[in-house]
Amino acid sequence: MDLIIARPEGLYCPPGDFYIDPWRPVERSVITHAHGDHARWGNQHYLGSAPSEGILRSRLGQDINLQTLQYGEVIDHHGVKISFHPAGHVLGSAQVRLEYQGEVWVASGDYKVEADGTCAAFEPVRCHTFITESTFGLPIYKWQPQSEIFEQINAWWRQNAMQERASILYCYAFGKAQRILHGIDASIGPILTHGAVEPLNRVYRKGGIYLPETHYAGDFKKNDPLLRKALIIAPPSAGGSTWVRRFGEYSDAFASGWMMLRGTRRRRGVDRGFVLSDHADWPGLLWAIEQTGAERVMVTHGSVSVLVRYLREQGLDAQGFTTEYGEEDDESVIEKAS
Ligand SMILES: [Zn+2]
Ligand SMILES: [Zn+2]
């Protein structure tokens with residue numbers, strides 16, 4: 001029996017009568033993480049991981065009807081055992097494990113296999129059927145270790161500070177921004193954040209994640225000499241707006257897995273691109289799939305066909321799964337050529 005099927009509202013569990021990350025309002029939802037393309041408004045009940053509670057409430061409203069589970073904690077719903085397991089993607093991100101009449105299915109949500117210190121590290125979960133994301137599901141995607149990327153960011157910032165120029169780094173406000181703050185060398189200069197980033201920093205700090213001191217960029221006047229040594233963290237939407245004018249002379253950069261594609265940096269119109277992703281690269285996807293021991297793999301959320309073909313060649317029962325995702329604050333959004 002299929003424990004998860006695709007329905008117009010989203011991934012649906014027939015015996016449990018609930019949806020995973022539904023994109024239309026439903027009665028019962030199980031949420032893998034709080035990115036906007038997975039956690040949407042309007043569901044009557046939400047089930048999420050305990051570490052995701054702060055972000056879910058800050059984004060969907062303090063009064064949503066939310067029940068939470070610690071990682072590994074199991075509840076029984078209509079005979080379906082449900083539990084969350086770390087996905088290593090953003091704070092609170094979880095894979096959803098379902099067990100029913102001896103069958104085990106795991107829906108990965110978005111995941112990343114390199115641990116980064118801002119959320120619980122990815123843990124493979126044994127299952128019969130694995131539903132994997134495939135945002136970067138092409139062999140060309142191979143990430144450098146994040147320590148090397150942070151060195152590149154530090155070197156760029158240091159150089160700009162020496163030349164008395166602000167460093168504006170665009171990245172997704174939830175997850176990527178905090179990972180960068182956690183990973184960079186905060187001794188280089190002051191760190192300023194855009195108004196979209198700071199509320200999320202607060203939730204991370206409350207969750208016990210170390211982030212260096214940050215200042216709200218809006219508090220600084222144009223021509224403040226501090227700005228010339230500062231790193232400014234802002235969402236992509238702030239780029240090209242009047243918001244950046246206050247920083248005077250600056251260098252700008254974008255941090256995303258998509259920076260691996262030639263042309264993306266140019267389209268974004270920034271000086272530098274740093275290849276830093278919160279999703280698994282091709283070797284990471286293959287490793288994660290292997291670790292599950294699953295014979296059946298459903299591929300969704302990205303470059304589906306190449307990964308499906310590859311897995312079939314390895315003798316697995318693989319197929320694509322149609323889903324609707326995409327929103328500004330998640331890297332899952334495929335860069336569109338313009
Ligand atoms: Zn995500
Ligand atoms: Zn996503």
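First listed ligand is number 1; within each ligand, the first listed atom is number 1. All residue numbers in this chain count up from 1 along the given sequence. Keep in mind that the numbers below use all heavy atoms, side chains included, and drop hydrogens, waters and symmetry copies.
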[Y] and [X], any side-chain heavy atoms less than 4.5 Å apart:
X: Asp281; Y: Phe136; answer: no
X: Val304; Y: Ser134; answer: yes
X: His85; Y: Val106; answer: no

Notebook entry, point to check: If the Zn ion (ligand 2) is the vertex, what is the angle to NE2 of His38 and NE2 of His301, rounded to 10 degrees?
Noted result: 80°
Checklist line | His35 N/O/S atom closer than 2.8 Å to the Zn ion (ligand 1) | finding: yes
Checklist line | Which atom of Asp110 approaches the Zn ion (ligand 2) most closely (N/O/S) | finding: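 Nearest to the Zn ion (ligand 2) within Asp110's N, O and S set: OD2.
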Checklist line | Donor-acceptor pair, side chain of His194 and main chain of Ala196, under 3.5 angstrom | finding: yes
